[in-house]
Amino acid sequence: MELAYIPSPSSGVLYLGPVPLRGYAFCIIIGVFVAVWLGNKRWIARGGRAGTVADIAVWAVPFGLVGGRLYHVITDYQLYFSEGRDWVDAFKIWEGGLGIWGAIALGALGAWIGCRRRGIPLPAYADAIAPGIALAQAIGRWGNWFNQELYGRATDLPWAVEITSSSDGRMPGTYHPTFLYESLWCIGVALLVIWADRRFTLGHGRAFALYVAGYCTGRFWIEYMRVDEAHHILGLRLNNWTALLVFLLAVLYIVLSARKRPGREAVVEPGAPDGDAAAADGKKTDGDAAGAADASDEDAKPDAATDTDAPEKPGKPEKPGKPGKPGKPGKLEKAEKSGEPEAAEEPEGSKDGAGSAKQG
């Protein structure tokens with residue numbers, strides 16, 4: 001009875017005429033585009049400008065590729081500098097071999113340079129792109145499938161991956177597809193960060209730290225299943241110790257950051273249009289709510305100058321004019337004789353005319 005399994009491609013390279021299209025590089029490129037696309041959407045929702053994520057990625061991606069390759073070459077130096085090996089192979093990045101720890105470390109340095117040039121806080125940028133990085137890793141891991149690498153112990157499970165190559169110490173057979181396990185785990189981490197960010201309004205780098213902690217948790221047990229050559233310390237692979245240490249640092253950062261700088265950044269990009277995640281959902285910020293309350297209170301107060309319904313105070317009764325002395329005209333008669341028209345009595349309510357015009 002033939003076992004079910006995931007077949008490996010016979011070759012990791014497709015040729016478009018004379019141009020080689022390598023599956024590993026193709027997966028990395030797709031992952032970068034997905035990370036930038038999702039990061040851009042999240043950045044705009046936080047109040048940033050469209051295109052800023054891509055501009056900073058121009059710095060972060062090359063630094064990340066160099067860092068990932070350096071980490072791999074340094075920790076697996078025997079693959080390139082031992083007897084019978086060609087050190088030139090250390091530059092053949094398309095053949096696989098990128099360490100995520102080095103990629104994140106130097107990628108963060110590149111992002112910091114890009115953010116500094118734009119006057120943007122790095123933690124806010126990191127929060128925006130965190131789920132995208134996890135998805136990029138999920139896609140990039142399929143490059144290991146094209147290269148028939150990073151598999152686990154032998155197994156006859158229906159989802160085992162078939163290894164057909166016998167180069168570089170490989171033994172043909174069916175093995176745990178650790179590349180698939182890590183890909184699915186990274187998708188779960190991306191969804192976790194998106195949910196937690198909406199639920200708890202994470203800011204100041206805490207969403208990125210959650211991604212790091214979540215990834216390290218999965219990487220620890222997945223790394224434990226791998227059988228490829230690696231350095232061991234106290235019975236554990238080097239990457240197990242790295243995952244454990246980075247996990248503890250990420251959790252510590254979340255705790256300390258939440259105490260020192262709770263909440264989320266009000267402004268993530270100087271000069272960008274107003275708006276953040278709350279505004280994007282149609283919610284008012286606390287400041288807007290307070291301003292609206294103040295405005296409603298002011299509107300509710302009666303305006304003494306414009307309120308036409310206010311009862312008028314009764315005026316004092318006019319004193320009757322003194323009658324003129326015999327032979328001398330009174331004041332009224334003087335006015336008639338002078339020919340000056342008597343001032344018309346101001347109609348009742350004219351004092352409120354200005355107020356009525358205001359309300360109209």
Side-chain angles (χ1 to χ4, degrees), residues 30-48 50 52-54 56-57 60 100-101 103-104 107-108 111 120-142 179-222 243-244 246-269 272 275-286 289:
I30 294 176
V32 169
F33 274 105
V34 170
V36 171
W37 168 77
L38 181 58
N40 184 64
K41 291 189 65 175
R42 287 171 53 81
W43 184 251
I44 294 173
R46 289 283 298 272
T52 297
V53 169
I56 297 176
I100 185 61
W101 316 112
I104 293 297
I120 292 171
L122 177 61
Y125 180 82
D127 285 342
I129 65 172
I133 293 177
L135 290 179
Q137 289 179 253
I139 298 170
R141 274 307 178 201
W142 283 90
F179 75 90
L180 175 61
Y181 298 160
E182 187 168 337
S183 179
L184 295 175
W185 184 270
C186 287
I187 293 174
V189 170
L191 296 177
L192 170 66
V193 174
I194 292 173
W195 171 81
D197 194 26
R198 291 178 178 176
R199 175 67 177 81
F200 302 105
T201 316
L202 302 177
H204 301 286
R206 288 188 287 277
F208 183 81
L210 177 62
Y211 144 72
V212 172
Y215 173 75
C216 289
T217 302
R219 181 62 184 265
F220 186 89
W221 66 266
I222 293 171
L244 180 60
V246 176
F247 170 81
L248 293 175
L249 291 175
V251 172
L252 181 63
Y253 178 86
I254 292 174
V255 174
L256 296 180
S257 175
R259 290 179 180 176
K260 186 176 179 181
R261 306 185 71 183
R264 175 183 282 179
E265 299 90 343
V267 177
V268 296
E269 185 170 2
D276 54 9
D281 294 336
K283 299 177 182 178
K284 291 182 178 180
T285 61
D286 294 339

- Walk me through it: do Ile104 and Tyr211 pass the test side-chain contact (heavy atoms from CB on, under 4.5 Å)? CA-CA 12 Å; Ile104 293 297; Tyr211 144 72; 3.7 Å; yes
- Could you give me the CA-CA distance, side-chain angles and deciding distance for Asp197 and Arg42, then say whether side-chain contact (heavy atoms from CB on, under 4.5 Å) is met? CA-CA 11 Å; Asp197 194 26; Arg42 287 171 53 81; 2.8 Å; yes
- Task: Go through the steps to decide whether Trp195 and Leu191 satisfy the test side-chain contact (heavy atoms from CB on, under 4.5 Å), and finish with yes or no.
- Result: CA-CA 6 Å; Trp195 171 81; Leu191 296 177; over 6 Å; no
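Here the closest non-hydrogen pair linking Ala50 and Asn40 is CA-OD1, 3.6 Å. Of all non-hydrogen atoms in Gln137 and Cys186, the two that sit nearest each other are CB-SG, 3.8 Å. Between Ile139 and Val34, the shortest heavy-atom contact is CD1-CG2, 3.7 Å. The nearest pair of heavy atoms linking Gly39 to Val53 is O-CG2, 3.5 Å. Of all heavy-atom pairs spanning Phe208 and Ala130, the tightest one is CA-CB, 3.8 Å. Closest of all the heavy-atom pairs between Ala243 and Cys216 is O-CB, 3.4 Å.
We find the CZ-OH distance between Arg206 and Tyr253 to be 7.0 Å, quoted to the nearest 0.5 Å. The distance from the CD atom of Glu269 to the CD1 atom of Ile44 is 10.0 Å, given to the nearest 0.5 Å. Between atom OH of residue Tyr215 and atom CD1 of residue Ile222 there is a gap of 7.5 Å, rounded to the nearest 0.5 Å. To the nearest 0.5 Å, atoms CD1 (Ile56) and CG (Leu122) are separated by 8.5 Å. In this structure, the separation between CG on Leu184 and CZ on Phe179 is 9.5 Å, given to the nearest 0.5 Å. Rounded to the nearest 0.5 Å, atoms CD1 (Ile194) and CG (Leu202) are 12.0 Å apart.
The backbone N or O of Ile129 lies less than 3.5 Å from no partner atom in the side chain of Trp43, so there is not a single donor-acceptor pair. The main-chain N or O of Ala207 is found under 3.5 Å from a side-chain atom of Asp127 such that the two form a donor-acceptor pair.
Side-chain atoms of Arg264 and Thr201 include no donor-acceptor pair closer than 3.5 Å.
Taking Phe33 as the reference, nothing meets the ring pair (Phe, Tyr, Trp, His ring centres under 6.0 Å) condition, with sequence neighbours excluded.
A 4.5 Å side-chain heavy-atom check between Leu180 and Trp142 finds at least one atom pair inside the cut-off.
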